[in-house]
Amino acid sequence: MSLDGPNPAVNDVIRGFGSFNKAIRAINVFKEVGIAVSLSYTVIPDNAYYVTDMVKLTERLGVPVLTFIRVQEFGRARENGLSLSDELARMVINDLMRIRTNVKLVLNGFRFSLSDLYEVYGKSRERLNALKIINYSTCPPAGRSRFVIDPDGSVYGCELLMSKEFYEGNALRDDLRAIWRDGFRSFRDRRYVEIKPCSTCPMADLCNAGCPARAFTAFGSVNLPDPYCPIVKELINKYR
Ligand code: SF4
């Protein structure tokens, strides 16, 4: 369930008048009939200051999981020039690190803003290696363990890349098993070893060149690195 503010004043400016109360009613109905609910909060400059209040609201509602998604520069967000600066992203991370809660917090799109990025990656890698977990890189799901179907049946690997370049077929007309078996090459063939500067990056096996949708939107190809990456930003600035 999407809620972009801990109260109507913050949420309804973004989601529409009356939407906060409707969402709360729906959450309570789901809970009553035993359907699991998690909350999703898209962080934009207008609501970035309310993340801790949102955690408290989630606790009060008895919802176990809250995901903060950094606004992605796609669709209307892109048209309206909406993005979250690295400073605000860091503020969100710092605010959330200070809070004690039993709600499971998920951060999506924030990792490149961690000041101790290398350390975090190093620790995750050690842990994953110790558990003998492999294939743990970023965004393995798109086109590999999941896909999306839009209302007219069109199949794509990722909801952020629903354009003709990524069209895989139509679930109403084509054999979905065949699409799944043979399709999604743009995601399945994307390998960081062929992408610069990722091929020499110490975090590459965890990051896997980051988000292909952001790479495509920024540079016109999924076979380029995530534009949110500080190493990539530095490189762009150097050659500008
Ligand atoms: S250089 Fe590439 S692999 Fe390394 S952190 Fe940046 S996007 Fe990820």
Side-chain angles (χ1 to χ4, degrees), residues 42-44 48 67-75 77-78 82-94 96-97 105-147 156-163 165-166 184-240:
T42 301
V43 186
I44 64 173
T67 301
F68 289 102
I69 305 172
R70 182 177 182 162
V71 63
Q72 303 272 8
E73 289 142 38
F74 299 98
R78 189 174 161 86
L82 212 56
S83 65
L84 195 74
S85 67
D86 284 339
E87 290 69 34
L88 278 180
R90 270 192 285 276
M91 181 197 80
V92 167
I93 294 168
N94 289 335
L96 292 176
M97 273 171 21
L105 302 179
V106 181
L107 282 173
N108 183 334
F110 286 89
R111 68 204 162 98
F112 288 125
S113 301
L114 287 169
S115 49
D116 53 353
L117 185 68
Y118 281 87
E119 204 186 315
V120 171
Y121 268 95
K123 279 188 187 143
S124 327
R125 193 200 319 259
E126 272 168 35
R127 180 88 186 110
L128 291 162
N129 288 346
L131 294 169
K132 298 198 171 22
I133 292 174
I134 52 165
N135 295 333
Y136 40 67
S137 60
T138 304
C139 203
R144 297 179 197 213
S145 61
R146 67 187 282 268
F147 57 88
Y156 303 93
C158 167
E159 65 273 30
L160 298 176
L161 290 173
M162 294 171 76
S163 56
E165 298 92 328
F166 301 98
F184 306 100
R185 298 311 338 160
S186 45
F187 299 101
R188 294 177 187 177
D189 294 343
R190 185 176 190 252
R191 308 211 194 294
Y192 69 78
V193 286
E194 288 157 18
I195 298 176
K196 283 188 179 153
C198 310
S199 51
T200 52
C201 173
M203 295 177 282
D205 61 345
L206 277 165
C207 174
N208 197 27
C211 170
R214 284 200 291 265
F216 182 80
T217 306
F219 308 124
S221 168
V222 292
N223 292 315
L224 285 167
D226 192 320
Y228 281 15
C229 165
I231 300 167
V232 174
K233 279 186 185 164
E234 209 181 298
L235 208 65
I236 292 172
N237 288 335
K238 196 169 146 194
Y239 291 106
R240 200 165 255 163

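Source: prediction; values computed, not measured. Indexing begins at 1, ligand by ligand and atom by atom, following the structure's order.
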**Student:** Please state which protein non-hydrogen atom is closest to atom 2 (Fe) of ligand 1 and give its distance, to 0.1 Å?
**Tutor:**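 Answer for atom 2 (Fe) of ligand 1: C198 SG, 2.4 Å.
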
**Student:** Tell me, which protein residue and heavy-atom name are nearest atom 6 (Fe) of ligand 1, and how many Å apart are they?
**Tutor:**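 Protein heavy atom with the smallest distance to atom 6 (Fe) of ligand 1: C229 SG, 2.3 Å.
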
**Student:** For ligand 1, which atoms sit closer than 4.0 Å to a heavy atom of C207?
**Tutor:**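 Every atom of ligand 1 under 4.0 Å from some heavy atom of C207: 3 (S), 5 (S), 7 (S), 8 (Fe).
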
**Student:** Where do E73 and Y228 land on the side-chain contact (heavy atoms from CB on, under 4.5 Å) test, with the steps shown first?
**Tutor:** CA-CA 11 Å; E73 289 142 38; Y228 281 15; 3.1 Å; yes

**Student:** Rounded to the nearest 0.5 Å, what separation is found between the CD atom of Q72 and the CG atom of N108?
**Tutor:**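 Between atom CD of Q72 and atom CG of N108 there are 6.0 Å.
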
**Student:** Between F216 and F166, how do the two ring planes meet: parallel, tilted or perpendicular, split at 30° and 60°?
**Tutor:**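 Taking F166 first and then F216, their aromatic rings stand perpendicular (interplane angle over 60°).
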
**Student:** Please determine whether C201 has a backbone or side-chain N, O or S atom lying under 2.8 Å from atom 6 (Fe) of ligand 1.
**Tutor:**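 Not a single backbone or side-chain N, O or S atom of C201 is under 2.8 Å from atom 6 (Fe) of ligand 1.
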
**Student:** Around atom NZ of K233, are there more than 12 heavy atoms from other residues, nucleotides or ligands closer than 6.0 Å?
**Tutor:**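 More than 12 heavy atoms, drawn from other residues, nucleotides or ligands, come within 6.0 Å of this atom.
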
